[in-house]
Amino acid sequence: MEGKAPKALLKAQKLANLLDTAVKLPFIPIRIGLDSIVGLIPGAGDALMLFVSLRIVWLGKSLGMPKALIAQMVKNSAIDFGLGFIPFVGDIVDIFYKANQKNVRIMERWWISENKYEVDKVTQQALSEWSAE
């Protein structure tokens with residue numbers, strides 16, 4: 001792996017950012033994404049966002065993540081989906097819950113723990129090159 005994040009993890013990061021933090025709200029320090037916006041459509045919006053959220057889970061599974069972590073990611077997505085069914089309050093809570101970001105953090109922590117030696121090696125090499133300049 002050469003210490004570099006795999007394509008599946010990079011795709012998951014981009015998708016989570018799009019879903020949870022792509023848009024900065026003016027005048028307040030809160031970012032929202034498509035999940036919050038599309039989730040405003042009753043029923044169908046939340047179902048569509050669950051489908052997209054499960055894409056991140058699938059990307060984690062494709063990396064070979066353990067079943068327990070995949071189950072935790074599915075739980076996060078299910079909680080986000082369930083919250084969306086509570087009128088108004090669910091939409092507000094959805095802005096702060098950010099299940100997709102949580103799932104990507106789970107993926108990142110797992111990947112780093114599995115590839116720590118390679119990541120450390122690449123980091124040390126980059127630091128050496130930077131110090132030499």
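- The residues Glu108 and Arg105 are annotated as salt-bridged, a charged nitrogen and a carboxylate oxygen being separated by less than 4.0 angstrom.
- Of all heavy-atom pairs between Ser77 and Asn103, the closest is OG-ND2, 3.2 Å.
- In this structure, CD on Gln125 lies 11.0 Å from CG on Leu127, to the nearest 0.5 angstrom.
- Among all heavy-atom pairs drawn from Pro6 and Leu63, the shortest one is CG-CD2, 3.5 Å.
- Summarising the geometry, atom CG belonging to Asp94 is positioned 4.5 Å from atom CG belonging to Asp80; distances are rounded to the nearest 0.5 Å.
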*asked:* Checking Ile56 against Met107 for the side chain to side chain contact (heavy atoms under 4.5 Å, CB included) test, could you report, in this order, the C-alpha distance in whole Å, the side-chain angles of both residues, the deciding distance, and whether it holds?
replied: CA-CA 9 Å; Ile56 292 173; Met107 290 174 69; 4.0 Å; yes
*Go through the steps to decide whether Arg109 and Ile112 satisfy the test side chain to side chain contact (heavy atoms under 4.5 Å, CB included), and finish with yes or no.*
CA-CA 5 Å; Arg109 281 192 300 270; Ile112 289 291; 6.0 Å; no
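- If you chain together hydrophobic residues whose side chains sit under 4.5 Å apart, Val104 and Ile70 fall into the same group.
- A continuous path of Ile, Leu, Val, Met, Phe, Trp and Tyr side chains, each step under 4.5 Å between heavy atoms, connects Ile92 with Ile28, placing both in one hydrophobic cluster.
- The closest donor-acceptor contact from the side chain of Glu118 to the backbone of Lys4 lies at 3.5 Å or more, if one exists at all.
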*Report the C-alpha distance between Val122 and Val119 in whole Å, list the side-chain angles of each, state the deciding distance to 0.1 Å, and finish with yes or no for side chain to side chain contact (heavy atoms under 4.5 Å, CB included).*
CA-CA 5 Å; Val122 168; Val119 171; 6.0 Å; no
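- Of all non-hydrogen atoms in Asp46 and Phe81, the two that sit nearest each other are O-CD1, 3.5 Å.
- The main-chain N or O of Trp110 is found under 3.5 Å from a side-chain atom of Ser113 such that the two form a donor-acceptor pair.
- Two different hydrophobic clusters hold Leu15 and Ile95 under the rule that ILVMFWY side chains link at heavy-atom gaps under 4.5 Å.
- When all heavy atoms of Lys11 and Leu59 are compared, the pair lying nearest together is CB-CD1, 4.0 Å.
- Placement of Leu83 and Leu40 in two distinct hydrophobic clusters is found when ILVMFWY residues are connected by side-chain heavy-atom separations under 4.5 Å, directly or transitively.
- A chain of hydrophobic side-chain contacts below 4.5 Å, direct or via other Ile, Leu, Val, Met, Phe, Trp or Tyr residues, connects Leu9 to Trp58.
- Taken from CG in Leu19 to CD1 in Ile37, the straight-line distance is 10.5 Å, to the nearest 0.5 Å.
- When atom types are taken as modelled, the side chain of Asp20 and the backbone of Asn100 share a donor-acceptor pair closer than 3.5 angstrom.
- In plain terms, the two heavy atoms of Asn76 and Ala99 that are nearest each other are O-CB, 3.4 Å.
- Rounding to the nearest 0.5 Å gives a distance of 6.5 Å between NZ of Lys67 and NZ of Lys61.
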_Under the criterion side chain to side chain contact (heavy atoms under 4.5 Å, CB included), I'd like the reasoning laid out for Ile106 against Met65: C-alpha separation, chi angles, the key distance, then a yes or no._
CA-CA 10 Å; Ile106 291 168; Met65 290 179 67; 3.8 Å; yes
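- Between the side chains of Ser53 and Asp35, no donor-acceptor pair of N or O atoms lies under 3.5 Å.
- By the neighbour-count criterion of 12 heavy atoms within 6.0 Å, atom CZ of Phe85 is densely surrounded, having more than that number from other residues, nucleotides or ligands.
- At least one side-chain heavy atom of Val23 sits under 4.5 Å from a side-chain heavy atom of Ile32.
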